[in-house]
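One structure below.
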Amino acid sequence: MSQHPQIDQAVMQERRAYYDKIGTRKMTPLWEVLHALVIPQPKSACMPAIWHYADIRDDIMEAGRLITAKEAERRVLILENPGMPGQSRITTSLYAGLQLILPGEVAPAHRHTQSALRFIVEGDGAYTAVDGEKTIMHEGDFVITPSWTWHDHGNDSDRPMVWMDGLDIPLIQALDCSFMERLPEDSQPLSRPTGDALARYGSGLLPVDFEVKTPTSPVFNYPYCRTREALETMRRAEEWDPCHGLKLQYINPATGQSAMPTIGTFMQLLPKGFNGASYRSSDATVFSVVEGKGYTLVGEGETQQRFDWGKRDTFVIPSWVSHSHHAPDTDAVLFSYSDRPVQKALGLWRESRGNR
Ligand code: GTQ
């Protein structure tokens, strides 16, 4: 408490008048906001949240009765972080949505500066065409649409397909560099056979004269069967990380960097009985459950939450929030993505284990 409340009142009044005056000249005092701007550690509007697929699948299918993929252009339910309603984002920097394509539908060709990933949640056999090549998608596949590449989606199978879209929309918004255009035709012309990119760039080989021209991986479908086999073979070494189980990152084979420049993507195996140690990192992370079930403890003390999850559920952990993964009854496989490559490129990324 102040010893001179009268004087403080007078000073406060004078300051307020001063703030009003400089406000007319488009200025404002830093000292009133400094400690909200430069804070000791992340304090995000992003909240931990979970979407159970069993609770939302009917809503997704209902969208399929209300609007066609063509009319919607992209028929997607945005997974909106409850801490940032109306902002079309799941973390401060990243977007997530669940996209539905019904048999026979086409989501027409367009391109934009935002990079996109597709992570296949339900169904088999729909396709995405990227830069003249179609890839047929299966559950657990990780598919990339690099910045400014033409892409259209279609479903020639006889079942609905649902995938998670992960895009860097909020990041591009912050940088004000969104550009987009549409192709006059629904589907782009194809110039290469299906599987060409994976054979050419994803077999531990590269064309002899290959030159890196863009930061995004030339492999645009990382099939789950290969990822799963890698995890299954590696588990024999019994080298479990106390926090992550066995965790791999998807890389661009031409550079060794993350597969996408703005979004880091990961797949991890938690063996049955896994009791993970507490972990936090500065990249808020979106998880999609590929196999098995388990739970994640989020936060600490009285505010700690428990997210029970199973196949096809999505959950998000904000920046610098401690969490631990547990898989008491089954093996579990988790796909995840975050803005880690951006933070690393800028020398900002941090992690800590065991509440240190
Ligand atoms: O498939 O191109 O969920 O442009 C949001 C924006 C998907 C897409 C989204 C998009 C797309």
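Please read these numbers as outputs of a predicted model, since none were measured by experiment. For ligands, and for the atoms within them, numbers begin at 1 and follow the listed sequence. Throughout, residue positions are numbered sequentially from 1 according to the sequence presented.
For the atom pair CE (M61) and CG (L102), the distance works out to 7.5 Å, reported to the nearest 0.5 Å.
There is a side-chain donor-acceptor pair under 3.5 Å between S178 and Q114. T149 and D131 form no side-chain donor-acceptor contact under 3.5 Å, judged by distance and modelled atom types alone. Using modelled atom types and a 3.5 Å distance limit, the side chains of Y19 and E32 yield a donor-acceptor pair.
The nearest heavy-atom contact from the protein to atom 5 (C) of ligand 1 is Y95 OH, 3.5 Å. Protein heavy atom at the shortest distance from atom 6 (C) of ligand 1 is L167 CD2, 3.9 Å. Nearest protein heavy-atom neighbour of atom 7 (C) of ligand 1: D165 OD2, 3.3 Å. At the shortest separation from atom 8 (C) of ligand 1 among protein heavy atoms lies R74 NE, 3.0 Å. Here the protein heavy atom with the shortest distance to atom 4 (O) of ligand 1 is H112 NE2, 2.9 Å.
Taking the six-membered ring for Trp and thresholds of 30 and 60 degrees, Y279 and H323 have ring planes more than 60 degrees apart, a perpendicular arrangement.
Near V76, meaning under 4.0 Å from one of its heavy atoms, ligand 1 places the atoms 3 (O). For ligand 1, the atoms closer than 4.0 angstrom to any heavy atom of Q99 are 1 (O), 7 (C). Taking every non-hydrogen atom of H110 and a distance limit under 4.0 Å, the qualifying atoms of ligand 1 come out as 2 (O), 4 (O), 8 (C). Under a 4.0 Å criterion applied to the non-hydrogen atoms of H151, ligand 1 contributes the atoms 2 (O), 8 (C). Which parts of ligand 1 touch R118 is read off a 4.0 Å heavy-atom cut-off, strictly below it: atoms 1 (O), 2 (O), 7 (C), 8 (C).
Under the 6.0 Å distance and 45° angle rule, R306 counts as a cation-pi partner of Y295.
No option in R235, K272, K311 other than R235 meets the salt bridge (charged side-chain N to carboxylate O under 4.0 Å, His left out) test with D331.
In this structure, M180 falls outside the shell of residues with a heavy atom less than 4.0 angstrom from ligand 1.
A heavy-atom distance below 4.5 Å is found between the side chains of L117 and F335.
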